[in-house]
Amino acid sequence: MLTTLAVKGYRSLRDLVVPLGPLTVVTGANGTGKSSLYRAFALLAAGASGRLIGSLARAGGLSSVLWAGPETVSGAMRRGEVEVQGTASRRAPVSLAMGFVGDDLGYLIDVGLPAPDVSTMFLRDPQVKREVVFAAPVLRPASTLVQRTARGVRVRQGRGWEDVGWRLAPHACLLDELADPVHFPEVASVRAQVLRWRFYDSFRVDAGAPARQPQVGTRTEVLSSDGADLASAVQTILESAWAEPFAEAVGGAFEGARVSVTESLGRFQLEMRQAGMLRALEASEWSDGTLRFVLLAAALLSPQPPGLLVLNEPESSLHPDALAQLARLIRQATGRTQVVVVTHSRVLVAALDGADVVAHELVKDLGETRIAGQGLIGGAAWDWGRR
Ligand SMILES: Nc1ncnc2c1ncn2[C@@H]1O[C@H](COP(=O)(O)OP(=O)(O)OP(=O)(O)O)[C@@H](O)[C@H]1O
Ligand SMILES: [Mg+2]
């Protein structure tokens, strides 16, 4: 289980340490940084499959996602005694850093910009400056197990260090490149963990949405992030022990409606039977909210759930009845997998409340995202170390 997620320098997340539980609910007003937290989390995961730098480029480049406030915020700025302003020159290098701690291991990645160089135009290409795999709970020199810096990669061997002997390309991630479980068991373990995270953000439900189209049917234990394999994922659930909870959830949310899958020439198509209808309605005819609910139900009732499921604003276009069913599904999934829900629906937050829930409310403080009630010191132990 993940116990802490930390982000530094990403949009309004100047330095945020987020304690996580079996079910974590993150809420907050518009613009407090909920989606930024979700995106930073997804970016961290992208590194394990070699997509970090590409994902950053698609988000507008490193310079655009970096914290746009001053490097340090003084007490006088906070009290409003002086204007918020930056220093003439930066003291610390440009840095976007993210990391997490699980039960046994922690991981941190620190991304920056290349040194000025007249021979290349790629001066905005982010570079990985530092990556560390450490023993939980906190990064310390003594808990560091594998360290990648500009000088190379070194691995702890008893009381000393062994240099791995090769340098990684500046855009490559340790997690992706050194995941050989024989030589780098800790790196492989962190990578395997990260690859089992799933992120679901505002599924497309428009008329051309992939989830509305018939698809080649293949056994699908985990719904893809775009929901394109929904019919396969639903049929996999209907042939598993989760068929009944799935039927109950859909029936509960939509007045006894029943979802099934038809097959023609290997292509799977979803249909829904509802009271009062003479024929079943195909997925192309479902309402946006119906499709979104079925997508979420398929994600949450996966027969082989991912290690961690992160949902961003799952409440959009759902009626309170469907929200109550969604909350039940999320509670059922918790226990089988760790769940993080980012939401601004008070109804959903209230329905998810319980003893095992870690709830965070994000607030803005001088443009910076903070967790309400956490104070300036932060709520969980975390150390960024240094380059
Ligand atoms: N580079 C940046 N530096 C600092 N703050 C930024 C930067 N880019 C965006 N922001 C701010 O980050 C805030 C957080 O946006 P985000 O999309 O995460 O909010 P949200 O909590 O998901 O809001 P909503 O409920 O409206 O979806 C915005 O208010 C925006 O002004
Ligand atoms: Mg948002």
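Start at 1 and go down the list; that is how both ligands and their atoms are numbered. Bear in mind that the values here come from a model prediction, so they are computed numbers and not experimental data.
Under the 4.5 Å side-chain criterion, counting only non-hydrogen atoms from C-beta, Val26 is in contact with Leu37. Contact annotation: the side chain of Leu44 approaches that of Ile109 to within less than 4.5 Å [non-hydrogen atoms, C-beta and beyond].
Atom 3 (N) of ligand 1 has as its closest protein heavy atom Ala68 N, 2.8 Å. Protein heavy atom nearest atom 27 (O) of ligand 1, with residue, atom name and distance: Glu313 OE2, 3.1 Å. For atom 26 (O) of ligand 1, the nearest protein heavy atom (residue, atom name, distance) is Asn30 ND2, 3.0 Å.
The distance from the Mg ion (ligand 2) to the nearest N/O/S atom of Ser35 is under 2.8 Å.
Counting just the N/O/S atoms of Glu313, the one with the shortest distance to the Mg ion (ligand 2) is named OE2.
Under 3.5 Å, the side chains of Asp229 and Ser224 contain a donor-acceptor pair of N or O atoms.
Ligand 1 places these atoms under 4.0 Å from at least one heavy atom of Lys364: 13 (C), 28 (C), 29 (O). The ligand atoms of ligand 1 that sit less than 4.0 angstrom from a heavy atom of Ser35 are 17 (O), 18 (O), 20 (P), 22 (O), 27 (O). Interface of Ser64 with ligand 1, defined as ligand atoms under 4.0 Å from a residue heavy atom, comprises 1 (N). Listed by atom number, the atoms of ligand 1 under 4.0 Å from Ser12 heavy atoms are 4 (C), 5 (N), 6 (C), 12 (O), 13 (C), 14 (C). Of all the atoms in ligand 1, the ones that sit under 4.0 Å from a non-hydrogen atom of Ser36 are 14 (C), 15 (O), 16 (P), 18 (O). Residue-ligand proximity, His344 to ligand 1, at heavy-atom distances under 4.0 Å covers atoms 25 (O).
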Would you please test Phe293 and Phe254 for ring pair (Phe, Tyr, Trp, His ring centres under 6.0 Å) and show each step?
CA-CA 10 Å; Phe293 183 84; Phe254 304 106; 5.4 Å; yes
Go through the steps for Arg331 and Asp356 under the test salt bridge (Lys or Arg N to Asp or Glu O under 4.0 Å), then give the verdict.
CA-CA 10 Å; Arg331 296 226 65 111; Asp356 56 341; 2.7 Å; yes
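Of all the heavy atoms in Ala169 and Arg148, the pair that sits closest is O-NH2, 3.1 Å.
In terms of N/O distances under 3.5 Å, ligand 1 is not approached by Gly367. Between Leu66 and ligand 1, at least one N/O pair is under 3.5 Å apart. For ligand 1, the polar-atom distance check finds no N/O of Gly28 at less than 3.5 Å from any of the ligand's N/O atoms. In terms of polar-atom proximity, Gly31 is counted as a contact of ligand 1, with an N or O under 3.5 Å from an N or O of the ligand. The N/O atoms of Lys34, backbone and side chain alike, include one that comes under 3.5 Å of an N/O atom in ligand 1.
By the 4.0 Å N-to-carboxylate-O rule, Arg212 lies too far from Glu285 to be salt-bridged with it. The residues Asp163 and Arg154 are annotated as not salt-bridged, no charged nitrogen and carboxylate oxygen being separated by less than 4.0 angstrom. Ion pairing between a basic and an acidic side chain is recognised when a charged N comes within 4.0 Å of a carboxylate O; Glu162 and Arg156 show no such pairing. Taking a cutoff of 4.0 Å between a charged side-chain nitrogen and a carboxylate oxygen, Asp226 and Arg204 do not qualify as a salt bridge.
Atom CG of Leu16 sits about 8.0 Å away from atom CG of Leu5, to the nearest 0.5 Å.
Taking 4.0 Å as the cut-off, Arg39 does not count as a neighbour of ligand 1 on heavy-atom distance. Residue Gly69 places every heavy atom at 4.0 Å or more from ligand 1.
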